[in-house]
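Let me begin by presenting the structure, written as structure tokens, before commenting on it.
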Amino acid sequence: MSWCGYIDILGSRELARRSPHELGVALDSFHSALADNFSTFEEASCVAFSDGAFFRTNTFANFYPFYSRVRNQLFQAGTFFRCSYLQGDIPIFDRETEDGRYLGATVPAFRSFTFGGKAPEAYQRESEFKGVGCTIDPAPADIVTGLTVKSFYLRDDQPTPYVDFKYSKYELSAPDQDLYSIEYSGQQRLFDSIIYNCHVSLSQSDKIGSYYLPSIVSAVRSSDFSMIDVGEDDRWIDSPYVFDKIFSGNGILKAIKEMPGLNYVLLAAFDHLYSQSSMSISPRVEKRVIAKMMTRPACFRNLDRVPSFVISPAAKRRLIELKAEYQNISPRKA
Amino acid sequence: MPRYGYLIVERDDDLFPKSVSIAIEARSRSILAAVERQQHVRISGVPFQVAPITRSKRTLSQISRSLFSSDVTGDIRVLYHADPPDVGVLTNSFVNTDLLVTVQPARDQFPAIRAGSTDGNPCHIVVPIERAPRIIEDMIIDISLGTLFRATAPIRELVTSEGLVSLFRRKAEFFRANVVRSWISSIERGAGYAPLSSLNDIADSDIEGRAQRSFEAWREFARSLTHTVTATQLERSDLAALPVVGGQLPLKRIAAAARNLPDGDYTLLVLRRSMARKSPSIRKQLSELFRARARVNSFRFAASDQYMRNRATAKELHRSGHIYSIQIVILNGEVRSRED
């Protein structure tokens, strides 16, 4: 079964208004990322033009090596995009005419591309996705494990579920850590770039800043929270960089505190910790996590309206218990 | 409009990550902020942006045709590339540029400044790969300090009478005469430009040291140019004769700072009221003239041409009593009143 999609870089209109020269450099960077990594995209074709590209391939998994490298190359440079990936095909029709061809010209004076098949749907899915990353038409469970992660974005301020491609451990690791090796030459760490560009975008508009929420949730759910503990010096141990940046002092809660939906990120992080700790988190860890979450009391408001794809009912119950313990509220007090 | 520096590298090059470009910009800004602090000046420099461009197995000629050949090409000052550019690329893509320094990485070679290919490309610098960030930072600092010093005599006089190409050539000559002080090993006789902020061998991470030595190099260069001193030997500064506002002017510190500055026309600005508890618009206006969180009695010498850019802001703040401003002349390191 064929798979196909559309990728479009964000912010090109704003960049065109601000600096046509910088837009030119950004577009060059986009096309270079596609060209540089295309050799990893098997049984595929891709037509890139201006700030977008349609592509197709024969099987689902073929896209991941290409996509993850393009994402890495562009995200670390601060060029973010949204992408759709769905079942189907996109035939490409190429028209040119000899009329008006200049004498000796090596390219036709007129050339047009039209994209058939699932192209309109791919374009529509991409434009509906209010985030950075890739929205995958629900990947059938039997196709791939380990490549995808369930995440969510905000539509009209409400969480909306989608499926994204995972980030690798190296991409989400801390700059000064050598725990993980790079998987290919030129691979870069990404989490700091995502947070930095979210912070910068929030100064332009909340709506643009909220586009980074789904990638942060994808990063959380791509991480392993199962080994986390608190050391004798009260520091986190065996904690992934993403976890540290959320639940430590000068982390993302300060850098992107105005991001719409940040509370959902905290709830999703708690949910991930809960589910990976076999529904039983170490009390030391719980105590520090709840203390951090209590710095944003809005996390706990209207929890019954928060969908289960953000935080499971079991994790929600545990969170409410922890809040009561933290505030020293007992059902037995007279 | 900002100035640009581009690193044309393959995607697995050490200079490709955007974080490297961000670090270069940040360190340059820190050094310029240190100059402002040390010398009590305001450098109203044009922003400088550094960014990688993926080489993607293209030649420089192909990249230039794609990115640098249109009317909207930015003001590019530094181009880092594995090969030296040919004259065709320079004349086709950068024909209107005032200054473009090309930088080439080289293994197992000492850093050197070589002659460039065109007037717009007066020099070509070869550096070991690990020193590439340093030379780009030095270029950014040099261009920004140049903006400050070009507003003062005798550099302004030199540019007016002989043009920018002559200024760049004189800088290269000054660099050659003092090259033993530099981390760059040599400079060819035909080189038409050299960054004076490279005239030291201070460690890359020594922000204060690099700031100090960069400014000193420019000051020495300015003093080395011959200019006419019309005043006779001055006995004392007019500083004490300046109208003292409530007895609060820090005269000794102003005099000490003035001795470091090149001759020329300046506006002396003194902060009279704290920035704290002021409206955001007032704080923003004050930050154009002083650094953020400057204390009362902080002062800045603004060179005339720079001051013109902030003149309207300064007048308004002077009227409202937030700052004190007066036109002065610095001559042989002494402050004199200026009759407008």
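Naming: A, B, ... by sequence-line order, numbering from 1 per chain. All values below were derived from every heavy atom in this structure, side-chain atoms included, with hydrogens, water molecules and symmetry-related copies excluded.
In this structure, chain A has a heavy atom under 4.5 Å from the side chain of B/Ser66, while its backbone stays farther away. In this structure, chain A has a heavy atom under 4.5 Å from the side chain of B/Gln49, while its backbone stays farther away. B/Arg55 does not touch chain A: none of its heavy atoms, backbone or side chain, sits under 4.5 Å away. Using a 4.5 Å cut-off between heavy atoms, A/Ser19 touches chain B through its side chain atoms alone.
Residues B/Asp142 and B/Tyr193 bring a donor and an acceptor atom of their side chains to less than 3.5 Å of each other. Side-chain contact of B/Ser56 with A/Asp36: a donor-acceptor pair under 3.5 Å is present, judged by distance alone. Checked by atom type, the side-chain pair B/His124/B/Gln104 shows a donor-acceptor distance below 3.5 Å.
Per-residue counts of heavy-atom pairs under 4.5 Å with chain A were compared for B/Glu10, B/Arg11, B/Lys18; the largest is that of B/Arg11. The greatest number of non-hydrogen atom pairs below 4.5 Å with chain B, out of A/Gln76, A/Gln187, A/Gln188, is found for A/Gln76.
Within 6.0 Å of atom CG in B/Asp14, 12 or fewer heavy atoms from other residues, nucleotides or ligands are found, so the atom counts as exposed in its surroundings.
A salt bridge links A/Asp94 with A/Arg111: at least one charged nitrogen is closer than 4.0 Å to a carboxylate oxygen.
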